[in-house]
Amino acid sequence: MVQLGLVVAQYDKHGAVIEAMRQSASAAAADHDADIVETATVPGAYDTPLAADRLARREDIDAVAVLGVIIEGDTDHDQVIADAAAQGLTDVSLERDTPVTLGIIGPGMSKDEAEARTQKGGSAVTSAIELARL
């Protein structure tokens, strides 16, 4: 059985998107006979690489899935956050030789677009499971 770490960025300025992503992730883990052994919550997407790194260091975790949502703002700040998170998570995966999947939706999305993509939580978990089984 694949054992997963899950990182959840709590910042969701429009409400229930991140919770729906978490539910999708849990359902995907159950569907693929994987176990989420630890969930780390962090304030926002920018904060996810540190938590992913801490989980990836653990012997009892085969892969880490990261969830978050970045809704378009009035400035380019959403793009800066997304780029930093993606690069940081890539670095963790390569440095730890542990799959870390990017389930952060955005940037540049409206609230409606984010709500339509909550299944990406499950996709991130499914990818993590597949990579762990390689």
Side-chain angles (χ1 to χ4, degrees):
M1 174 178 281
V2 173
Q3 301 206 130
L4 301 172
L6 185 66
V7 177
V8 180
Q10 292 299 303
Y11 184 73
D12 176 4
K13 71 180 184 180
H14 292 293
V17 172
I18 198 66
E19 184 54 36
M21 290 181 73
R22 185 194 300 247
Q23 290 173 3
S24 175
S26 294
D31 289 347
H32 291 90
D33 294 321
D35 189 22
I36 297 173
V37 298
E38 183 74 32
T39 300
T41 57
V42 297
Y46 183 82
D47 310 304
T48 58
L50 177 60
D53 187 63
R54 289 184 177 165
L55 292 175
R57 293 177 191 208
R58 291 179 40 170
E59 293 294 322
D60 64 332
I61 292 180
D62 302 309
V64 179
V66 178
L67 310 181
V69 57
I70 302 173
I71 304 293
E72 184 173 31
D74 295 332
T75 67
D76 290 338
H77 186 68
D78 59 328
Q79 185 67 50
V80 171
I81 295 300
D83 290 346
Q87 185 61 59
L89 294 170
T90 298
D91 292 346
V92 170
S93 185
L94 295 173
E95 289 171 12
R96 299 286 170 213
D97 193 30
T98 300
V100 177
T101 58
L102 181 65
I104 298 174
I105 56 176
M109 291 187 313
S110 68
K111 177 185 179 230
D112 291 340
E113 290 168 331
E115 288 172 345
R117 289 173 175 80
T118 59
Q119 80 285 357
K120 295 297 183 183
S123 298
V125 164
T126 300
S127 294
I129 293 166
E130 290 173 2
L131 287 168
R133 289 183 175 154
L134 284 177

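All residue numbers in this chain count up from 1 along the given sequence. All values below were derived from every heavy atom in this structure, side-chain atoms included, with hydrogens, water molecules and symmetry-related copies excluded.
- Linking ILVMFWY residues whenever their side-chain heavy atoms come closer than 4.5 Å, directly or via other members, places Ile70 and Val66 in the same cluster.
- Annotation: salt bridge (charged side-chain N to carboxylate O under 4.0 Å, His left out) contacts of Glu19 (sequence neighbours excluded): Arg22.
- Residues Ala56 and Val92 share a closest heavy-atom pair of CB-CG1, 4.2 Å.
- Pairing each heavy atom of Ala114 with each of Ile71, the nearest pair is CB-CD1, 3.4 Å.
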Residues Leu89, Ile104; criterion side-chain contact (heavy atoms from CB on, under 4.5 Å); working and verdict: CA-CA 11 Å; Leu89 294 170; Ile104 298 174; 4.1 Å; yes

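- Counting all heavy atoms, side chain and backbone alike, Pro107 lies closest to Ala82 at CD-CB, 3.5 Å.
- The side chain to side chain donor-acceptor pair (under 3.5 Å) contacts involving residues 119-134 comprise nothing, where partners must be two or more places apart or lie in separate chains.
- Two different hydrophobic clusters hold Ile129 and Leu102 under the rule that ILVMFWY side chains link at heavy-atom gaps under 4.5 Å.
- Under the side chain to side chain contact (heavy atoms under 4.5 Å, CB included) criterion, Ser93 pairs with Val100, not counting sequence neighbours.
- Partners of Glu38 according to the side chain to side chain donor-acceptor pair (under 3.5 Å) rule, which considers only residues two or more places apart in sequence or in another chain, are Arg58.
- Using a 4.5 Å cut-off on side-chain heavy atoms (C-beta onward), Val2 and Asp35 make no contact.
- Taking both residues in full, the closest heavy atoms of Ile105 and Val17 are given as CD1-CG1, 4.0 Å, listed atom of the first, atom of the second, then distance.
- In this structure, Val7 and Leu67 have side chains that are not in contact, with every pair of non-hydrogen atoms separated by 4.5 Å or more.
- For Gln87, the side chain to side chain donor-acceptor pair (under 3.5 Å) test picks out Asp91, with sequence neighbours left out.
- Both Met21 and Met109 belong to a single network of hydrophobic side chains, linked directly or stepwise wherever heavy atoms of I, L, V, M, F, W or Y lie under 4.5 Å apart.
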>> For a side-chain contact (heavy atoms from CB on, under 4.5 Å) check, start with the C-alpha distance between Val42 and Gln10, then their side-chain angles and the critical distance, and finish with the verdict.
In response: CA-CA 6 Å; Val42 297; Gln10 292 299 303; over 6 Å; no

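- Using a 4.5 Å heavy-atom threshold, the side chains of Ile18 and Val8 count as touching.
- Checked for salt-bridge contact, Glu113 and Arg117 miss the test: no charged N lies under 4.0 Å from a carboxylate O.
- Residue Asp97 qualifies as open at atom CG: its count of foreign heavy atoms under 6.0 Å is 12 or below.
- Legend: salt bridge (charged side-chain N to carboxylate O under 4.0 Å, His left out) pairs involving residues 75-88, not counting sequence neighbours: none detected.
- Gly44 and Tyr11 get closest at one heavy-atom pair: CA-CB, 4.0 Å.
- Of all heavy-atom pairs spanning Ala45 and Ala9, the tightest one is N-CB, 3.5 Å.
- Separation of atoms CG (Leu55) and OG1 (Thr39) is listed at 8.5 Å; rounding is to 0.5 Å.
- A heavy-atom distance below 4.5 Å is not found between the side chains of Thr118 and Ser24.
- Separation of atoms CZ (Arg96) and CD1 (Ile61) is listed at 12.5 Å; rounding is to 0.5 Å.
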For Val64 and Leu4, what are the C-alpha separation, side-chain angles and deciding distance, and is it a side-chain contact (heavy atoms from CB on, under 4.5 Å)? CA-CA 6 Å; Val64 179; Leu4 301 172; over 6 Å; no

